[in-house]
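Following this message is one structure expressed as structure tokens.
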Amino acid sequence: MSGKTALEGLYPFLYGAGQDAAAVEAGLVESLRQKADHSVETKRQFFERNAGKIVAVAQAVAAVYRNGGRLFTMGNGGSACDAAHIAVEFQHPVTAGRPALPAKNLTADIAMMTAVGNDVGFEHIYLRQIVAHGRAGDGLIGVSTSGNSANLMAAFEKARDMGITTIGLAGMEGGAMARSGALDHCLVVETDSIHRIQECHVAIYHILWDLAHTLLADTRGGLADAGASEAKG
């Protein structure tokens, strides 16, 4: 199937002679509406089905910090951007009154990643960093739309052996991440749409960040103070 043929199937209103501008705009608006509705519905279904699991992950993240551990994050492609975003949220909280917490984005060191990828293989780029920086009591979050990223799985398996709490955000059917015994927790967004998976992942880690801080509030004045800080933010 040619690129043009594929696009015609997705957006038939853009092709053909004598297209009416108003009709084209109406078609685009309808396409936008459908995508927005699908995004909202995907998130609604995920959070309804997984509320208990999300709370358990938030408790695990809070326990890492309560016990003096650090959080590591990893991902590939768009999920590498999510890994960076998670680490920034914990290090640089945007809500007033919430403390910075130690988090390291394993996708950030290009020299390290290319050295390991070139010398021993791309599947080792996160494994080597966990060996170098991780210790028992830390946490590791890996993000993958398919759940099948070999480099994430290698790092998860080593981290579990090291006594590190392992947390995965996946999509589709969860892939290797959902099937593996190397993960303590795995949150799966059950859709084949990469865009909807990634959109839901953003909502998940923002909520996890918020819940983890709420759970940690007892060490800095109680839940009432946490609520007051939220209002100020």
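Position 1 is the first residue of the sequence, and the numbers go up from there. For clarity, every value in this text was computed on a predicted model and none was experimentally measured.
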Option passing side chain to side chain contact (heavy atoms under 4.5 Å, CB included) with Ile125 (candidates Met113, Met74, Met112):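 Testing each of Met113, Met74, Met112 against Ile125, the sole residue satisfying side chain to side chain contact (heavy atoms under 4.5 Å, CB included) is Met113.
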field: Nearest heavy-atom neighbours spanning Met172 and Ser146
entry: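 Scanning both residues completely, I find the closest heavy atoms to be SD-CA, 4.4 Å.
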message: Nearest 0.5 Å, please: how far is CD1 in Ile54 from CG in Leu208?
response: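 If I round to the nearest 0.5 Å, the distance is 7.0 Å.
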- request: Mark yes or no for whether Asn67, through its side chain, and Ala63, through its backbone, hold a donor-acceptor pair below 3.5 Å.
  value: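 Between the backbone of Ala63 and the side chain of Asn67 there is a qualifying donor-acceptor contact (under 3.5 Å).
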- request: Only pairs at least two apart or in different chains count here, so list each ring-ring contact (aromatic ring centres under 6.0 Å, His included) that has a residue in residues 125-165.
  value: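 Checked against ring-ring contact (aromatic ring centres under 6.0 Å, His included) - neighbours excluded - no pair reaches residues 125-165.
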query: Of all heavy-atom pairs between Ala87 and Lys104, which one has the smallest distance, and what is that distance?
result: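 Looks like CB-C, 4.3 Å.
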message: If I compare all heavy atoms of Leu71 with all of Leu140, which pair ends up nearest, and what's the gap?
response: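 For Leu71 versus Leu140, the nearest heavy atoms are CD1-N, 4.3 Å.
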- request: Ignoring hydrogens and angles, tell me if any N or O in the side chain of Glu157 forms a donor-acceptor pair with the backbone of Ala182 under 3.5 Å.
  value: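 Answer holds: no.
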Main-chain N/O of Val189 paired to Arg196 side chain as donor or acceptor, under 3.5 Å: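 Not confirmed, Arg196 side chain does not pair with Val189 backbone.
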- request: With the side chain counted from C-beta on, respond yes when His38 and Gln34 share a heavy-atom pair under 4.5 Å apart, and no when they do not.
  value: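 They are not in side-chain contact.
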field: Under the ring-ring contact (aromatic ring centres under 6.0 Å, His included) test, residues paired with Tyr205 that sit two or more places apart
entry: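 Tyr205 satisfies ring-ring contact (aromatic ring centres under 6.0 Å, His included) with His85 once adjacent residues are dropped.
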- prompt: For the hydrophobic clusters of this structure (ILVMFWY residues joined by side-chain heavy atoms under 4.5 Å, transitively), does one cluster hold both Val202 and Ile194?
  reply: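 Val202 clusters together with Ile194.
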- prompt: CG/Asp82 to OG/Ser144 distance, rounded to the nearest 0.5 angstrom?
  reply: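 Asp82 atom CG to Ser144 atom OG measures 11.0 Å (nearest 0.5 Å).
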Atom pair CD (Glu25) and CG (Asp20), whose distance is rounded to the nearest 0.5 Å: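 Between atom CD of Glu25 and atom CG of Asp20 there are 10.0 Å.
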query: Among side-chain atoms of Asn105 and Thr107, is any donor-acceptor pair under 3.5 angstrom?
result: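 Side-chain D/A pair, Asn105 to Thr107: present.
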task: Using a cut-off of 6.0 Å, state whether more than 12 heavy atoms not belonging to His206 lie near its atom NE2.
output: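 More than 12 heavy atoms, drawn from other residues, nucleotides or ligands, come within 6.0 Å of this atom.
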message: Could you report the tightest heavy-atom contact between Ser39 and Glu199, atom names first, then the distance?
response: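 Between these two residues, the closest heavy atoms are OG-OE1, 2.7 Å.
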task: Output the distance between atom CD1 (Ile141) and atom CG (Leu152), rounded to the nearest 0.5 Å.
output: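 The distance works out to 11.5 Å.
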task: Mind running side-chain contact (heavy atoms from CB on, under 4.5 Å) on His213 and Thr95 for me, showing each step along the way?
output: CA-CA 10 Å; His213 274 283; Thr95 300; over 6 Å; no
task: Tell me, yes or no, whether the heavy-atom count around Glu41 atom CD, taken from other residues, nucleotides or ligands under 6.0 Å, exceeds 12.
output: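 Result for CD/Glu41: enclosed.
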- prompt: Does Met153 belong to the same Ile/Leu/Val/Met/Phe/Trp/Tyr cluster as Leu127, with side-chain heavy atoms less than 4.5 Å apart forming each link?
  reply: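 Unlinked, Met153 and Leu127 end up in two clusters.
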task: Grab the two heavy atoms, one from Pro93 and one from Pro99, that are nearest each other, plus how far apart they are.
output: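 Closest heavy-atom pair between Pro93 and Pro99: CG-O, 3.6 Å.
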field: Inter-residue atom distance Asp109.CG - Arg128.CZ, 0.5 Å rounding
entry: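 That separation rounds to 14.0 Å.
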query: Does the side-chain contact (heavy atoms from CB on, under 4.5 Å) test come out yes or no for Thr73 and Val143, once each step is laid out?
result: CA-CA 8 Å; Thr73 63; Val143 187; over 6 Å; no
field: Pair Asp210 + Arg98: basic N to acidic O under 4.0 Å
entry: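 Yes, this pair counts.
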- request: Check whether Ile130 and Val120 end up in the same hydrophobic cluster, where Ile, Leu, Val, Met, Phe, Trp and Tyr are linked by side-chain heavy atoms less than 4.5 Å apart.
  value: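 Cluster IDs for Ile130 and Val120 match.
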message: side-chain contact (heavy atoms from CB on, under 4.5 Å) for Asn50 and Ile204? Distances and angles first, verdict last.
response: CA-CA 10 Å; Asn50 295 280; Ile204 293 167; over 6 Å; no
message: So Thr191 and Phe46, do their side chains get closer than 4.5 Å, heavy atoms only?
response: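 Heavy-atom side-chain distance check fails, nothing below 4.5 Å.
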message: Do Leu101 and Ile167 sit in one hydrophobic cluster, given that two such residues count as connected whenever their side-chain heavy atoms are within less than 4.5 Å of each other, even indirectly?
response: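 Yes, Leu101 connects to Ile167 through the hydrophobic network.
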Donor-acceptor contact present, side-chain Asp138 to main-chain Gly69, <3.5 Å: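 Looks like no, no N/O pair under 3.5 Å.
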- prompt: Within a strict 4.5 Å, meaning less than it, do heavy atoms of the Val116 and Glu123 side chains meet?
  reply: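 A side-chain contact is absent here, since even the closest heavy-atom pair is not under 4.5 Å.
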message: Evaluate His185 against Leu169 for side-chain contact (heavy atoms from CB on, under 4.5 Å), listing each step before the verdict.
response: CA-CA 9 Å; His185 305 274; Leu169 304 185; over 6 Å; no
message: In the structure I gave you, are the side-chain heavy atoms of Pro102 and Phe90 within less than 4.5 Å of one another anywhere?
response: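 They are not in contact (no side-chain heavy atoms under 4.5 Å apart), so the answer is no.
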query: What distance separates Arg160 CZ from Asp184 CG, expressed to the nearest 0.5 Å?
result: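 Between atom CZ of Arg160 and atom CG of Asp184 there are 4.0 Å.
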- prompt: For Ala170, does its backbone N or O pair with a side-chain atom of His201 as donor and acceptor, under 3.5 Å?
  reply: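 Confirmed, His201 side chain pairs with Ala170 backbone.
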- prompt: Between Met177 and Ile197, is there a shared hydrophobic cluster once you connect ILVMFWY residues whose side-chain heavy atoms come closer than 4.5 Å?
  reply: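 No, Met177 and Ile197 fall in different hydrophobic clusters.
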Nearest atoms (heavy-atom pairs only) where Ala212 meets Val61: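 Smallest interatomic distance, heavy atoms only, reads CB-CG1, 4.0 Å.
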query: Is the shortest distance from a Lys or Arg side-chain nitrogen in Glu30 or Arg33 to a carboxylate oxygen in the other one below 4.0 Å?
result: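 Answer for the salt bridge query: yes.
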- prompt: Have Lys35 and Ser31 got a donor and an acceptor in their side chains that come within less than 3.5 Å?
  reply: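 Looking only at side-chain atoms, Ser31 and Lys35 do form a donor-acceptor pair, the distance falling under 3.5 Å.
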